[in-house]
*Asks:* 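One structure, as structure tokens, below. Some questions next.
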Amino acid sequence: KSGFISIIGRPNVGKSTYLNRVIGQKIAIMSDKPQTTRNKVQGVLTLNDAQMIFIDTPGIHKPKHKLGDFMMKVAQNTLKGVDLVLFMINAEEGFGRGDEFIIEKLKTITTPVFLVINKIDQIHPDELMPLIETYSSKLQFKEVVPISALQGNNVDTLLNQIKEFL
Ligand code: GDP
Ligand code: MG
């Protein structure tokens with residue numbers, strides 16, 4: 001089993017922390033390579049029975065400016081070309097305009113999307129359901145996985161769910 005996975009989410013939701021946790025030092029090695037292709041490999045995780053290639057989606061993480069048509073096309077093609085999108089959100093901050101922007105882009109593709117709710121160590125368990133309901137009312141997710149990338153909670157569960165999907 002192998003597949004391409006894109007992690008998208010607002011700045012500071014914990015994307016790098018998650019990648020570092022699952023891939024460790026290999027990330028630095030990968031991201032030091034000059035990448036001329038539009039799909040930048042952020043890291044490769046090789047397990048006994050599966051390989052996961054994590055791909056950056058340029059332009060969609062930090063839409064500081066209104067993206068030009070070209071950048072938008074690049075981002076959408078990247079999302080179309082992967083096997084799975086991990087849409088990571090920050091449980092502590094909840095829904096915001098950055099998420100709205102990303103959800104609008106995700107609506108234009110048919111690639112399956114997991115909702116990854118990160119930083120659950122920062123919230124009360126009672127706050128989880130309302131968060132899930134808010135996001136699920138805006139987009140349909142194949143899986144909803146609460147994790148703490150920093151502390152490691154549920155990170156293995158998420159990997160298994162990704163693996164089953166490839
Ligand atoms: P990125 O911009 O999405 O790549 O986010 P980073 O991985 O750089 O993380 C942003 C900040 O959030 C850093 O200070 C991380 O240590 C912190 N962070 C990431 N994951 C967690 C988490 O699960 N719990 C907590 N409490 N902090 C986290
Ligand atoms: Mg980062």
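Just so we're clear, the structure is a prediction, and the values are computed from it rather than from any experiment. Counting starts at 1 for both ligands and their atoms, in listed order.
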*Asks:* What do we get for Pro11 next to ligand 1 when only non-hydrogen atoms under 4.0 Å count, side chain, backbone, both or neither?
*Replies:*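 Under 4.0 Å from ligand 1, Pro11 contributes backbone atoms alone.
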
*Asks:* Within 2.8 Å of the Mg ion (ligand 2), is there any N, O or S atom belonging to Ser16?
*Replies:*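 Under 2.8 Å: Ser16 contacts the Mg ion (ligand 2) through an N, O or S atom.
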
*Asks:* Please compare Gly14, Ser16, Ser148 and report which has the shortest non-hydrogen distance to atom 4 (O) of ligand 1.
*Replies:* Ser16

*Asks:* Under 4.0 Å from ligand 1, counting heavy atoms only, is it the side chain of Leu150, its backbone, both or neither?
*Replies:*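 Looking at Leu150 and ligand 1, atoms from backbone and side chain both fall under 4.0 Å.
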
*Asks:* Does NZ in Lys142 sit with more than 12 non-hydrogen atoms of other residues, nucleotides or ligands closer than 6.0 Å?
*Replies:*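 Not buried by this count: 12 neighbours or fewer within 6.0 Å.
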
*Asks:* Looking at CG of Asp121 and CG of Leu150, how far apart are the two atoms once the value is rounded to the nearest 0.5 Å?
*Replies:* 6.5 Å

*Asks:* Can you check which of Asn154, Asn118, Ile7, Thr17 brings a heavy atom nearest to atom 15 (C) of ligand 1?
*Replies:*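 Considering heavy atoms of Asn154, Asn118, Ile7, Thr17, the nearest to atom 15 (C) of ligand 1 sits in Thr17.
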
*Asks:* Would you check the N or O atoms of Ala149, main chain and side chain alike, for any that come under 3.5 Å of an N or O of ligand 1?
*Replies:* yes

*Asks:* Regarding ligand 1, does Lys119 bring an N or O atom to under 3.5 Å of one of the ligand's N or O atoms?
*Replies:*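 Yes, since at least one N or O of Lys119 sits under 3.5 Å from an N or O of ligand 1.
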
*Asks:* If you take all heavy atoms of Ser6 and Leu79, which pair is closest and at what distance?
*Replies:* OG-CD2, 4.1 Å

*Asks:* Does Arg10 pair with Asp99 as a salt bridge, N-O distance under 4.0 Å?
*Replies:*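 Looking at Asp99 together with Arg10, the answer is yes, because their closest N to O distance falls below 4.0 Å.
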
*Asks:* Please work out whether any backbone atom (N, CA, C, O) or any side-chain heavy atom from C-beta onward of Lys15 is under 4.0 Å from ligand 1, and answer side chain, backbone, both or neither.
*Replies:*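 The answer is both, backbone and side chain.
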
*Asks:* Just which atoms of ligand 1 are under 4.0 Å from any heavy atom in Gln122?
*Replies:*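 Going through ligand 1 atom by atom, the ones under 4.0 Å from Gln122 are 26 (N).
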
*Asks:* Is there a side-chain contact between Leu115 and Ile89, using heavy atoms and a 4.5 Å cut-off?
*Replies:* yes

*Asks:* Classify the contact between Asn20 and ligand 1 as side chain, backbone, both or neither, using a heavy-atom distance cut-off of under 4.0 Å.
*Replies:* neither

*Asks:* Please check if the number of heavy atoms outside Phe114 that lie under 6.0 Å from its CZ is greater than 12.
*Replies:*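 More than 12 heavy atoms, drawn from other residues, nucleotides or ligands, come within 6.0 Å of this atom.
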
*Asks:* With the threshold set at 4.0 Å, does a side-chain nitrogen-carboxylate oxygen contact exist between Arg97 and Glu100?
*Replies:* no

